[in-house]
Protein chains: 2
Amino acid sequence: METFVELLKTHNLKVTQQRLEILRYVESHLTHPTADEIFQSLTKKYPSLSKTTIYNTLETLTNAGIIQRLTICPTEHRYDFNHDMHHHFICKQCGKIFDIHFTCPNVETIEKDILKDGHRIEEVHGYFRGKCKDCLNKEGVKNG
Amino acid sequence: METFVELLKTHNLKVTQQRLEILRYVESHLTHPTADEIFQSLTKKYPSLSKTTIYNTLETLTNAGIIQRLTICPTEHRYDFNHDMHHHFICKQCGKIFDIHFTCPNVETIEKDILKDGHRIEEVHGYFRGKCKDCLNKEGVKNG
DNA sequence: TTTTAAGTTGTAACCATTACAATTTAACAA
DNA sequence: TTGTTAAATTGTAATGGTTACAACTTAAAA
Ligand SMILES: [Mn+2]
Ligand SMILES: [Mn+2]
Ligand SMILES: [Zn+2]
Ligand SMILES: [Zn+2]
């Protein structure tokens with residue numbers, strides 16, 4: 001049985017074509033896509049697919065912990081099939097998001113600090129903003 | 001001369017009553033307020049103040065590096081007079097944001113990693129999501 | 001005091017997201 | 001296989017934070 005079918009069943013979610021397609025898309029596109037990007041791509045193959053379904057499904061998958069919602073862009077949500085703790089780099093110019101393959105060894109220390117305050121941590125997010133390699137290179141060409 | 005007057009002049013920004021009021025508000029409210037919260041408060045004393053001015057001013061102050069924009073809430077921007085690098089804890093239930101007084105000693109290590117990739121870092125953001133002390137207590141009362 | 005570039009204001013538009021009601025369907029049981 | 005039903009999907013309308021824009025006002029330099 002397809003992995004995603006099992007994955008949905010494991011989480012007591014009904015298996016639908018729409019959910020499978022969205023899962024496949026998010027898993028195979030490591031660009032942290034937006035709901036609209038997913039929609040624009042899938043609507044070609046599945047013209048009846050509704051954007052509301054994209055939103056509903058992303059919400060459902062996020063709540064199930066299957067995917068991760070990134071709230072780090074100013075105007076839109078982005079989604080990540082990789083829900084392990086990892087950091088991101090966002091380019092202020094082109095908006096692209098890169099994974100930072102670095103596991104912060106201080107998370108535990110910070111978490112202890114926060115727990116001392118009495119709060120309960122459920123998610124850890126870290127990101128950096130700046131100008132990406134590609135944009136810096138393009139600029140370099142422009143400016144000599 | 002008032003500190004904020006000097007601050008604006010230092011950044012070659014015209015000194016206006018609106019900017020001073022917004023600066024005073026953000027400096028004295030450590031709650032990471034939204035544009036609307038600032039507007040709702042100031043409009044009482046200054047009924048002619050426009051919400052557009054709030055947005056314009058927050059943008060200007062952010063670009064000048066005087067305040068910090070937090071892009072960590074799903075539906076709105078929040079602003080922080082403290083633009084030093086520090087982490088935040090956001091309660092999923094009540095939405096309150098707490099400062100985490102912890103300077104991550106690994107930022108430099110990560111930055112070196114990112115620089116190796118060719119990107120240029122300009123901002124560092126870290127935050128945690130979960131349930132805050134107050135909400136946990138309220139829940140505790142409810143559930144016995 | 002005069003000048004003007006910059007800031008402020010109110011209104012309209014934008015756009016990602018959500019609400020809602022009608023329709024369809026996955027999953028279960030007979 | 002068929003019938004049942006709760007859940008999912010769909011299209012449309014509404015929401016709400018934010019931005020665009022043009023007229024008006026003003027801080028600050030000459
Ligand atoms: Mn990622
Ligand atoms: Mn803060
Ligand atoms: Zn870039
Ligand atoms: Zn709370």
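Every chain is numbered from 1 and lettered A, B, ... according to where its sequence line falls, protein lines coming before strand lines.
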How bent is the helix from C:dT1-D:dA30 to C:dA30-D:dT1, comparing axes over its five end pairs at each side, to the nearest 10°? 30°

Indicate every side-chain donor-acceptor pair of residues 13-20 of chain B with a distance under 3.5 Å to a residue at least two apart or in another chain.
from    : atom 1 : to      : atom 2 : distance (Å)
B:Thr16 : OG1    : B:Arg19 : N      : 3.1
B:Arg19 : NH1    : B:Lys14 : O      : 3.0

With sequence neighbours left out, which residue pairs that include part of residues 61-81 of chain A fulfil the ring pair (Phe, Tyr, Trp, His ring centres under 6.0 Å) condition? A:Phe4-A:Phe81

Linking directly or through intermediates, with side-chain heavy atoms under 4.5 Å: list the remaining ILVMFWY members grouped with A:Leu70, chain and number order. A:Ile72, A:Ile90, A:Ile97, A:Tyr127, B:Leu70, B:Ile72, B:Ile90, B:Ile97, B:Tyr127

Spacing of NE2 belonging to A:His88 relative to NE2 belonging to A:His125, to within rounding of 0.5 Å: 9.5 Å

Could you run down the sub-3.5 Å N/O contacts of the protein with nucleotides 28-30 of chain D?
from   : atom 1 : to      : atom 2 : distance (Å)
D:dA28 : OP1    : B:Val15 : N      : 3.0

Which residues end up grouped with A:Tyr55 if you chain together Ile, Leu, Val, Met, Phe, Trp and Tyr wherever their side-chain heavy atoms are less than 4.5 Å apart? none

According to the interplanar angle, ranging from 0 to 90°, do the rings of B:His119 and A:Phe89 count as parallel (below 30°), tilted (30 to 60°) or perpendicular (above 60°)? parallel

If the condition is ring pair (Phe, Tyr, Trp, His ring centres under 6.0 Å), which residues does A:His87 pass it with, not counting sequence neighbours? none

I'd like to know if the side chain of A:Thr57 reaches the main chain of A:Ile54, judged simply by a donor and an acceptor atom lying under 3.5 Å from each other, with no hydrogens or angles considered. no

Below 3.5 Å between N/O atoms, which protein atoms pair up with nucleotides 22-25 of chain D? Just atom names and distances, please.
none

Heavy-atom donor-acceptor pair, A:Thr62 side chain to A:Leu58 backbone, under 3.5 Å: yes

Close residues, residues 68-83 of chain A, relative to DNA chain D [heavy-atom separation under 4.0 Å]: none

Flag yes if more than 12 heavy atoms outside B:Lys133 fall under 6.0 Å of its NZ atom; otherwise flag no. no

Nearest heavy-atom contact between A:Glu27 and A:Leu30 is O-CD2, 3.6 Å

Counting distance only, does the side-chain N/O of B:Ser41 pair as donor-acceptor with the main-chain N or O of B:Ile38 below 3.5 Å? no

Heavy atoms only: give me the nearest B:Cys135-B:Lys131 pair and the separation to one decimal. CB-CG, 3.8 Å

Nucleic acid contacts - residues 17-34 of chain A versus DNA chain C, non-hydrogen atoms under 4.0 Å: none

Can you give me the closest heavy-atom contact between B:Asp84 and B:Gln68, atom names plus distance? O-NE2, 4.0 Å

A:Glu122 and A:Arg120 have their tightest heavy-atom pair at OE2-NH1, 2.9 Å

Can you name the closest pair of heavy atoms from A:Asn82 and A:His86 and give their distance? O-CE1, 3.3 Å

Contact list for DNA chain C against residues 40-56 of chain A - heavy-atom distance below 4.0 Å: A:Thr52, A:Tyr55

So does B:Glu6 pair up with B:Lys9, basic N to acidic O under 4.0 Å? no

If you take all heavy atoms of A:Phe98 and A:Cys132, which pair is closest and at what distance? CE1-CB, 3.6 Å

Give me the first and last nucleotide of DNA chain C, going 5' to 3', that has any atom under 4.0 Å from a heavy atom of chain B. C:dA5 to C:dT11

Could you check A:Arg24 against A:Glu2 for side chain to side chain contact (heavy atoms under 4.5 Å, CB included), going step by step and ending with a plain yes or no? CA-CA 11 Å; A:Arg24 288 190 197 112; A:Glu2 185 187 340; 2.8 Å; yes

Atom-to-atom span, CD of A:Glu59 to P of D:dT9 - whole angstrom: 13 Å

So does A:Asp80 get a backbone contact from the side chain of A:His32, meaning a donor-acceptor N/O pair under 3.5 Å? no

